[in-house]
Amino acid sequence: MYCAHLFVPLPPNFSVLDMKGSFPLEKFAQLRTPFYYYDMELLRQTLAAINSEAKRHEGFVVHYAVKANANEKVLRAIRQAGLGADCVSGGEIEACVRAGFPGEKMVYAGVGKSDWEINLGLDHDIFCFNVESIPELEVINELAAAREKVARVAFRLNPNVGAHTHANITTGLAENKFGIAMRDMIPVIERAQQMKNVRVVGLHFHIGSQILDMGDFQALCNRVNDLQDELERHHLTVEHINVGGGLGIDYQHPNRVPIPDFKAYFDTYARKLKLRPGQTLHFELGRAVVAQMGTLITRTLYIKEGAVKKFAIVDAGFTDLIRPALYQAYHKIENISSDEPLQTYDVVGPICESTDVFAKQIDLNACHRGDLLAIRSAGAYGEIMASQYNCRQLPKGYVSDEM
């Protein structure tokens, strides 16, 4: 099976293969842990790479998937770079409004949009609602009529394309809750054309997240090509195709490979997707934009010698970063306070659950009480998914520009 690892190659003069990340330790020592640290220079470099590669292809439009990270300072930097916003809740629309995103650059997706959220989108004249069912379409038409507006809609179709990723983050299979079955595509579009307060402007797809196999995106292109051919046989066309996001990152090597290979990603769609004249192609990148720029900083509380292993007990838990507990996700962990010889630890948190484990049997520079550990590649689905279970405080987020 063809699997392209979509990461920028190392520059020729790069001499250290995987050094520790560089952090302002003196500043960190003054802050209450755990907290998130965002490298804004890396974010700006990532955004520059996205814009550079997307602009090589006519009609490519990039939206940022806000669900990955809605920190206001991060959102403002993304807006300043010119990206649009992909929202999946009314709260995300409100966050984007506060960050300065114009309504015409917002799309609103989600399988369960409530009336107040739809009305919020209508009030801000958002670019498009990505519609996932006929009942939702009917409600949008009704609410738009009450406001004497015409809502632009794209239909999210379920392409039944599998993605080589964790089962919990696939979204494009027939068994998933997302999208409209392909067999219903023509009837749904024809139904919408009979409604006075909606206008069909596009088709929307999304097959999953943390995808590193370019064959998955190629399979989506093939399916979209077939669907467009079917539309043309019924004398139907759309203005926009939205292929979602899903591009993964290198969690193993955040220092070596901080920026994904956006060139390979966009080139795949440019080669394989047969756009019609005048069509625009929309992307909704999330993790690939912000994951590597974020780090969870946690302080070592105790070193505990167990019967068969050694534990580094830290003050962060799955309330602060749930991905390892929820997805068995890997995050590189570094002891940024120590250069002592390596020892093997289970890194665990304080939550009263056996699943509150960040990593098992990993090598770290010898840990002591008070050492700061950096849990890397945590800019996506980290702070945004934090909870107050055990009555814990939510972690704060700090940006490098202010340190």
Side-chain angles (χ1 to χ4, degrees), residues 61 63 65 86-90 106-115 117-122 125-147 149-163 170-208 219-246 273-276 278-284:
V61 180
H63 305 266
D86 162 43
C87 303
V88 294
S89 74
M106 296 185 205
V107 296
Y108 179 20
V111 71
K113 304 177 184 73
S114 64
D115 289 12
E117 292 173 311
I118 294 170
N119 283 328
L120 183 67
L122 291 169
D125 293 317
I126 64 171
F127 173 72
C128 183
F129 292 88
N130 292 335
V131 174
E132 304 214 14
S133 68
I134 292 177
E136 179 191 332
L137 176 69
E138 293 172 339
V139 170
I140 292 175
N141 182 62
E142 176 184 339
L143 295 176
R147 277 168 160 68
K149 292 190 173 185
V150 176
R152 290 176 294 274
V153 302
F155 289 111
R156 178 171 179 175
L157 300 178
N158 189 317
N160 198 25
V161 171
T170 61
T171 60
L173 293 172
E175 65 193 53
N176 298 135
K177 69 179 181 180
F178 300 99
I180 297 168
M182 289 187 300
R183 68 174 184 274
D184 296 328
M185 175 181 68
I186 301 300
V188 168
I189 293 176
E190 292 175 342
R191 175 80 172 275
Q193 290 178 328
Q194 298 170 3
M195 297 180 176
K196 295 182 179 180
N197 294 93
V198 296
R199 181 166 73 86
V200 179
V201 298
L203 301 178
H204 177 229
F205 307 86
H206 183 64
I207 59 173
L220 175 59
C221 290
N222 293 336
R223 190 59 53 87
V224 175
N225 291 339
D226 291 342
L227 292 173
Q228 292 241 72
D229 291 342
E230 179 69 13
L231 284 178
E232 288 184 347
R233 285 192 286 271
H234 288 78
H235 308 289
L236 297 171
T237 58
V238 294
E239 302 168 45
H240 310 282
I241 299 295
N242 185 326
V243 291
L273 192 62
K274 300 175 183 177
L275 292 177
R276 274 45 178 179
Q279 277 186 332
T280 59
L281 182 60
H282 295 248
F283 301 86
E284 296 168 346

Q) Going by an N to O cut-off under 4.0 Å, is there a salt bridge joining Arg191 and Glu138? A) yes
(Q) Whether the side chain of Glu239 engages the backbone of Gly202 through a donor-acceptor N/O pair (distance < 3.5 Å, no angle test) should be reported. (A) no
Q: Have a look at Asn130 and tell me which of His206, Glu136, Glu284 forms a side chain to side chain contact (heavy atoms under 4.5 Å, CB included) with it.
A: Glu284
**Q.** Distance (rounded to the nearest 0.5 Å) between Asn225 CG and Leu275 CG
**A.** 8.5 Å
Q: Please name all residues satisfying side chain to side chain donor-acceptor pair (under 3.5 Å) with Asp125, sequence neighbours left out, ordered by chain then number.
A: Lys149
Q | Pairwise side-chain contact, Ile134 with Val188, heavy-atom cut-off 4.5 Å (strictly under) | A | yes
Q. Mind checking whether His282 and Phe127 have ring centres under 6.0 Å apart?
A. yes
Q: Can you see which heavy atom on Phe155 is nearest to which on Val200, and at what distance?
A: CE1-CG2, 3.6 Å
**Q.** Heavy-atom side-chain contact between Phe205 and Leu220 under 4.5 Å
**A.** yes
Q: Could you tell me the separation between the CG atom of Leu281 and the SG atom of Cys221, rounded to the nearest 0.5 Å?
A: 8.0 Å
Q) Does the side chain of Val131 come within less than 4.5 Å of Val198's, by heavy atoms? A) no
Q: Report yes if the side chains of Val107 and Ile126 come closer than 4.5 Å at any heavy-atom pair, otherwise no.
A: no
(Q) Just so I know, are the side chains of Leu143 and Asp115 near enough to count as touching, which here means a heavy-atom distance under 4.5 Å? (A) yes
Q.
As an exercise, state the distance from CG of Asn119 to CZ of Arg147, rounded to the nearest 0.5 Å.
A. 3.5 Å
Q: Applying salt bridge (charged side-chain N to carboxylate O under 4.0 Å, His left out) between Asp229 and each of Lys274, Arg223, Arg276, report the one that passes.
A: Arg276
Q: Could you point out which residue of Gln228, Glu232, Arg233 forms a side chain to side chain contact (heavy atoms under 4.5 Å, CB included) with Glu230?
A: Arg233
Q. Hey, mind stepping through Thr237 and Leu231 against side-chain contact (heavy atoms from CB on, under 4.5 Å) and telling me if it holds?
A. CA-CA 6 Å; Thr237 58; Leu231 284 178; over 6 Å; no
(Q) Any non-hydrogen side-chain atom of His240 less than 4.5 Å from a side-chain atom of Cys128? (A) no
(Q) Ignoring hydrogens, what is the shortest heavy-atom contact between Val238 and Gln279? Give both atom names and the distance. (A) O-NE2, 3.0 Å
Q: Quick one: closest heavy-atom pair of Lys196 and Asn141, and the distance?
A: N-OD1, 3.8 Å
Q.
Using side-chain heavy atoms (C-beta onward) and a distance below 4.5 Å, is Ile189 in contact with Met185?
A. yes
Q. Are Ile180 and Asn158 close enough that some pair of their side-chain heavy atoms sits under 4.5 Å apart?
A. no
(Q) Name the residue from Ile241, Asn242, Val243 that meets the side chain to side chain contact (heavy atoms under 4.5 Å, CB included) definition with Leu203. (A) Ile241
Q. For the atom pair CZ (Phe129) and CD (Glu117), what is the distance rounded to the nearest 0.5 Å?
A. 10.0 Å
Q: Working to the nearest 0.5 Å, report the span between CG of Asn197 and CG of Leu137.
A: 11.0 Å
